[in-house]
Amino acid sequence: MTSGLQMNPQLEQIHGEIRDNFRALSNGFQRLDNIRDSSRQSKQLEELTGKMRECKRLIKDFDRELKDEESKNPPEVNKQLNDEKQSMIKELNSFVALRKTYVNSLGNKRVELFDEGGVSEPTADSNVQMASSMTNQELMDAGKKTMDETDQAIERTKKVVEQTIEVGTQTAVTLKGQTDQMGRIVNELDTINFSIKKASQLVKEIGRQVATDKCIMLFLFLIVCGVIAIIVVKIVNPNNKDIRDIPGLAPPVPARRLLYLRTPEHFE
């Protein structure tokens with residue numbers, strides 16, 4: 001499906017990691033159907049949730065890299081890459097919806113297990129026998145006492161419910177604030193991770209350029225040293241035929257000998 005897409009090496013690496021995670025998610029949900037133990041299902045769902053978080057982070061990296069390269073690519077390539085990004089987002093959302101289905105199914109199973117372990121109410125035979133042996137006044141007193149205890153229990157229950165609602169409201173506000181903060185932290189971490197990757201690539205490129213410049217300078221230094229050595233040898237030993245004359249350098253001037261001519265007067 002993506003064989004016709006034109007990507008730089010960084011985009012291609014991120015895209016490959018996303019596809020690997022999608023394959024792992026698909027295989028994980030298939031294995032989940034064969035698991036019957038609730039605890040093992042919960043553990044498998046946690047692992048799949050971690051994979052989905054990783055896919056979300058990689059898709060964000062893919063989007064950032066795509067925006068950085070958008071000006072360098074032709075419009076057709078940018079459209080194809082954006083379509084591929086939307087396709088990956090839809091595929092990730094399908095896995096998220098599938099996870100919710102499994103979570104709801106797992107929650108219903110747990111409720112059924114709690115319902116099966118219910119406690120049966122005791123019979124009232126003993127209470128009937130005690131009431132038959134009591135007088136009317138004692139029954140009235142016992143009824144008033146039970147009503148008072150019931151009223152007190154209701155008042156305590158109301159207070160507990162009010163406190164629970166208040167605590168639940170505060171907890172919901174706190175959780176919402178923490179959730180928003182965690183979301184901002186995750187986005188900042190993703191941005192930092194992406195910046196570190198870009199910086200690492202830049203450092204590697206600078207290192208390669210510096211190494212290339214050093215090699216060129218070394219070769220130039222060796223050439224200059226060789227030329228200087230040849231010039232020195234030519235000057236010290238000009239008659240050495242093993243070394244060719246350097247172009248642009250005049251050959252050494254041979255030593256001149258002065259001839260002394262005698263005049264005829266000296267021969268007489």
Side-chain angles (χ1 to χ4, degrees), residues 1-24 50-89 91-92 184-257:
M1 182 177 62
T2 61
S3 58
L5 294 179
Q6 298 179 4
M7 305 181 188
N8 62 12
Q10 183 68 17
L11 271 177
E12 188 174 357
Q13 179 182 358
I14 297 173
H15 184 269
E17 292 179 3
I18 294 173
R19 286 299 168 190
D20 291 340
N21 283 326
F22 280 166
R23 284 191 290 271
K51 288 284 185 184
M52 284 185 277
R53 291 196 187 99
E54 180 67 14
C55 288
K56 181 180 178 182
R57 183 187 66 80
L58 289 171
I59 289 174
K60 287 184 179 180
D61 289 349
F62 186 89
D63 183 56
R64 292 192 187 95
E65 187 69 22
L66 182 60
K67 289 179 180 178
D68 289 343
E69 298 293 328
E70 190 172 6
S71 59
K72 302 177 183 178
N73 296 329
E76 296 82 4
V77 175
N78 289 328
K79 184 178 182 303
Q80 292 177 355
L81 293 176
N82 281 314
D83 292 341
E84 177 63 18
K85 182 189 71 173
Q86 294 298 328
S87 174
M88 291 188 295
I89 292 173
E91 191 169 355
L92 178 60
R184 291 192 297 270
I185 292 173
V186 170
N187 292 331
E188 290 176 359
L189 289 176
D190 292 340
T191 304
I192 292 172
N193 189 19
F194 181 77
S195 300
I196 290 174
K197 288 183 179 179
K198 295 293 288 183
S200 300
Q201 292 179 355
L202 183 60
V203 169
K204 290 180 181 178
E205 292 177 0
I206 294 174
R208 286 194 293 267
Q209 292 177 358
V210 170
T212 303
D213 294 341
K214 287 184 178 180
C215 291
I216 294 173
M217 293 298 294
L218 178 61
F219 286 137
L220 291 176
F221 177 75
L222 292 176
I223 292 171
V224 172
C225 290
V227 172
I228 293 174
I230 292 172
I231 294 173
V232 171
V233 172
K234 272 293 186 180
I235 293 174
V236 174
N237 189 7
N239 296 323
N240 190 350
K241 300 301 182 180
D242 294 333
I243 301 176
R244 297 179 180 180
D245 293 335
I246 300 174
L249 183 64
V253 179
R256 296 181 178 180
R257 295 181 179 180

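For the numbers below, each heavy atom of this structure counts, side chains included, while hydrogens, waters and symmetry mates do not.
In this structure, CG on Asn193 lies 8.5 Å from CG on Leu189, to the nearest 0.5 angstrom. How far NZ of Lys67 is from CZ of Phe62: 12.5 Å, rounded to the nearest 0.5 Å. In this structure, CG in Leu58 is found 12.0 Å from CZ in Arg19, a value given to the nearest 0.5 Å.
Evaluation of the side-chain hydrogen bond (donor to acceptor under 3.5 Å, both in side chains) test over residues 50-62, restricted to residues two or more places apart or in two chains, returns Glu54-Arg57, Arg57-Asp61, Lys60-Asn187, Asp61-Arg64.
Residues meeting the side chain to side chain contact (heavy atoms under 4.5 Å, CB included) test with Pro9, sequence neighbours left out: none. Residues satisfying the salt bridge (charged side-chain N to carboxylate O under 4.0 Å, His left out) criterion with Arg23, sequence neighbours excluded, are Asp20. For Val77, the side chain to side chain contact (heavy atoms under 4.5 Å, CB included) criterion is met by Gln6, Asn73, Pro74, Leu81, not counting sequence neighbours. In terms of the side chain to side chain contact (heavy atoms under 4.5 Å, CB included) criterion, residue partners of Ile89 (sequence neighbours excluded) are, by chain and number, Ile59, Lys85, Gln86, Asn93.
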Could you pull out all donor-acceptor pairs under 3.5 Å where a side-chain atom in residues 196-220 meets a protein atom, sequence neighbours excluded?
unit_1: Ser200; atom_1: OG; unit_2: Ile196; atom_2: O; d: 2.9
unit_1: Gln201; atom_1: NE2; unit_2: Gln10; atom_2: OE1; d: 2.4
unit_1: Thr212; atom_1: OG1; unit_2: Arg208; atom_2: O; d: 2.9

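By the 4.5 Å heavy-atom criterion applied to side chains, His15 and Glu65 are not counted as neighbours.
In this structure, Asp68 and Phe194 approach most closely via the heavy-atom pair OD2-CZ, 3.5 Å. Minimum interatomic distance between Asn21 and Cys55 (heavy atoms only, all atoms of both residues): CB-SG, 3.2 Å.
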